[in-house]
Amino acid sequence: MKTINKQKIYTLFLSLLMIAGIGLLQSCEEYPHEYEVSGGVPSVNYIRMTDPDKSDSLIVSASLNTTIALIGDNLTSITEMWFNDREAYLNTSFMTSNSLIVTIPNEIPGEVSNKIYMVAGSDTIIHDFNVIVPPPSPKSMLCEFVADGEQAIIKGSYFINDPNVPIQVIFPGELSGEVVAVSDDFDEIVVNVPAGAASGQLTVKSIYGAGRSSFFFRDDRNYILDWDNLDAAGGWRSGVIANSEPAGINGNYVRFDGDVSGEIGATWNEDAHSFNLWNASNGRPDVPFYDGDLNEAVLKFECYVVEEWKSAALQMIFTPYSVSGTNGYIGDNATQRGLWNPWASSGSFKTDGWITVSIPMKEFHYFHDGKDAGENVTNDMLGGLTFFVWHGGVEGEDCRVHMCIDNIRIVPM
């Protein structure tokens with residue numbers, strides 16, 4: 001067996017890195033490319049994008065995390081560069097006396113001066129430049145169903161709470177919620193839901209603009225099951241229906257509750273941990289649950305995991321309209337499905353109340369044991385739905401699986 005020469009690999013890697021850097025610099029200006037620290041005071045004549053197709057466009061502003069090229073003189077004398085109060089990383093492979101490629105830090109400035117500060121010895125050269133911070137981007141909620149007066153948690157990015165322009169959350173109905181807290185990373189908002197909030201998209205406003213959510217607060221679109229108006233009657237197991245202990249989010253829900261072995265696939269308990277919705281037996285028409293692009297759709301439901309969940313997967317199995325009166329598809333190694341086992345990464349999983357679970361429909365390509373089925377669920381298979389806590393292909397620990405589920409729906413991402 002040959003011995004791998006790590007030193008040769010490392011040398012080759014450095015050579016390739018240098019070649020890549022030279023290529024980028026050549027796209028800026030035709031200047032010598034050997035890095036030498038110059039003794040002159042740096043100056044910037046102009047700034048442009050590094051994209052060759054945009055090389056003729058001079059810029060005075062750019063967004064966070066954008067790579068730009070500074071063109072000027074004595075640029076290799078620069079040892080530090082700051083955009084507002086955030087320091088940028090300087091790679092000497094991308095610096096010559098007359099051109100410098102740098103990426104604007106992907107950090108929101110604490111103090112905005114709209115300046116670049118370039119440190120060269122005892123000199124600090126200042127150049128006007130505006131770093132653009134995007135508007136707020138609300139991407140999800142910990143739970144999309146929160147009662148009036150209760151605290152909701154919104155997750156996303158660029159949630160800037162400027163003291164002079166406080167951040168706002170506008171709920172459907174043009175109602176403003178009281179913002180309780182904003183995380184230091186600007187990616188989470190805690191807000192009190194205002195009285196009278198309706199169903200629909202919400203908007204977050206900051207000093208940098210406004211962003212509208214793609215998700216719907218109290219989403220009421222395209223329900224498959226809600227156990228108030230839409231149930232799984234007609235299936236061998238229609239589910240254990242409850243509405244208290246814990247309290248529901250909007251009426252009835254289905255409860256799974258029973259002991260599960262940590263051994264893979266050892267516990268099969270459909271009575272405690274499943275329901276079967278067969279549309280033909282339920283009196284529903286022969287119409288798929290969703291007729292849009294499944295690559296751009298997501299299965300959502302609200303879930304409360306009451307006990308520490310440590311074994312088995314929640315299997316979510318769509319079946320064609322023609323399927324009823326059988327459970328053979330659950331373990332047939334022929335029916336693709338989605339698997340949810342959030343305990344597997346940490347050993348256990350429990351929620352502090354209700355949460356919204358979102359699983360992209362393009363992830364419905366597994367068999368019951370966690371192996372890849374090789375193909376995804378298609379629209380014509382969306383004529384029935386079975387949930388069952390079983391198998392999943394990951395060994396766990398003996399536990400009591402107690403979870404409550406409501407408002408199962410397929411909606412656009």
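For D185 (side chain) and D187 (main-chain N/O), no donor-acceptor pair under 3.5 Å exists by modelled atom type. In this structure, the side chain of N279 does not engage the main chain of R284 through any donor-acceptor pair within 3.5 Å. Counting only distance, with no hydrogens or angles, the side chain of R218 and the backbone of A198 share no donor-acceptor pair below 3.5 Å. Side-chain atoms of D369 come within 3.5 Å of backbone atoms of K371 as a donor-acceptor pair (strictly under, hydrogens ignored). In this structure, W309 contributes its side chain and S311 its backbone to a donor-acceptor pair below 3.5 Å. For the pair N84 (side chain) and S113 (backbone), a donor-acceptor distance under 3.5 Å is present. Using a distance-only test at 3.5 Å, with no hydrogens or angles considered, a donor-acceptor pair links the side chain of D85 to the main chain of E111. Of the possible donor and acceptor atoms, none in the side chain of Q168 sits under 3.5 Å from a partner among the backbone N and O of V204. No donor-acceptor pair closer than 3.5 Å links the side chain of H127 to the backbone N or O of Y46. Under a 3.5 Å cut-off, the side chain of N282 and the backbone N or O of A233 do form a donor-acceptor pair.
Nearest heavy-atom pair, F216 versus E144, reported as atom, atom and distance to 0.1 Å: O-OE1, 3.3 Å. Nearest heavy-atom pair across Y117 and T124 is CB-CG2, 4.2 Å. When all heavy atoms are compared, the tightest approach of M95 to I78 is CE-O, 3.7 Å. Of all non-hydrogen atoms in A152 and V146, the two that sit nearest each other are CB-CG2, 4.0 Å.
Within the 4.5 Å cutoff, the side chain of P105 has no heavy atoms near those of the Y89 side chain. Under the 4.5 Å side-chain criterion, counting only non-hydrogen atoms from C-beta, I241 is not in contact with Y253. Counting only heavy atoms from C-beta outward, the side chains of M81 and L100 approach each other to under 4.5 Å. At least one side-chain heavy atom of I410 sits under 4.5 Å from a side-chain heavy atom of I224. Annotation: side chain of I104 is not in contact with side chain of V102 (no heavy-atom distance under 4.5 Å). Counting heavy atoms from C-beta outward, R221 and P412 have side chains that approach closer than 4.5 Å. The side-chain heavy atoms of E375 and H365, taken from C-beta on, include no pair separated by under 4.5 Å. Residues F301 and N407 fail the side-chain proximity criterion, which asks for heavy atoms closer than 4.5 Å.
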Quiz: residues 340-350 side-chain donor-acceptor pairs under 3.5 angstrom, not counting sequence neighbours:
unit_1	atom_1	unit_2	atom_2	d
W343	NE1	A312	O	2.6
S346	OG	S348	O	2.9
S348	OG	E308	OE1	3.1

Only pairs under 3.5 Å count here: list side-chain donor-acceptor contacts from residues 286-296, not counting sequence neighbours, and write none if there are none.
unit_1	atom_1	unit_2	atom_2	d
D293	OD1	N295	N	2.9

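Under a 4.0 Å N-O distance rule, the pair R409/E302 qualifies as a salt bridge.
Two rings, from H368 and W390, have their centers less than 6.0 Å apart. Centroid-to-centroid, the aromatic rings of F186 and Y158 stay 6.0 Å apart or farther. With ring centers used as reference points, F388 lies under 6.0 Å from W268.
Only one option out of F275, F256, F318 pairs with F387 in a ring-ring contact (aromatic ring centres under 6.0 Å, His included); it is F275.
Summarising the geometry, atom CE belonging to M381 is positioned 9.5 Å from atom CZ belonging to R337; distances are rounded to the nearest 0.5 Å. We find the CG-CD1 distance between L314 and I405 to be 5.0 Å, quoted to the nearest 0.5 Å.
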- Query: Stepwise, does the side chain to side chain contact (heavy atoms under 4.5 Å, CB included) test hold for H391 with I264?
  - Reply: CA-CA 6 Å; H391 214 297; I264 298 173; 3.3 Å; yes

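Other residues, nucleotides and ligands place no more than 12 heavy atoms under 6.0 Å from the CD atom of E263. Within a 6.0 Å radius of CG in D352, other residues, nucleotides and ligands contribute 12 heavy atoms or fewer.
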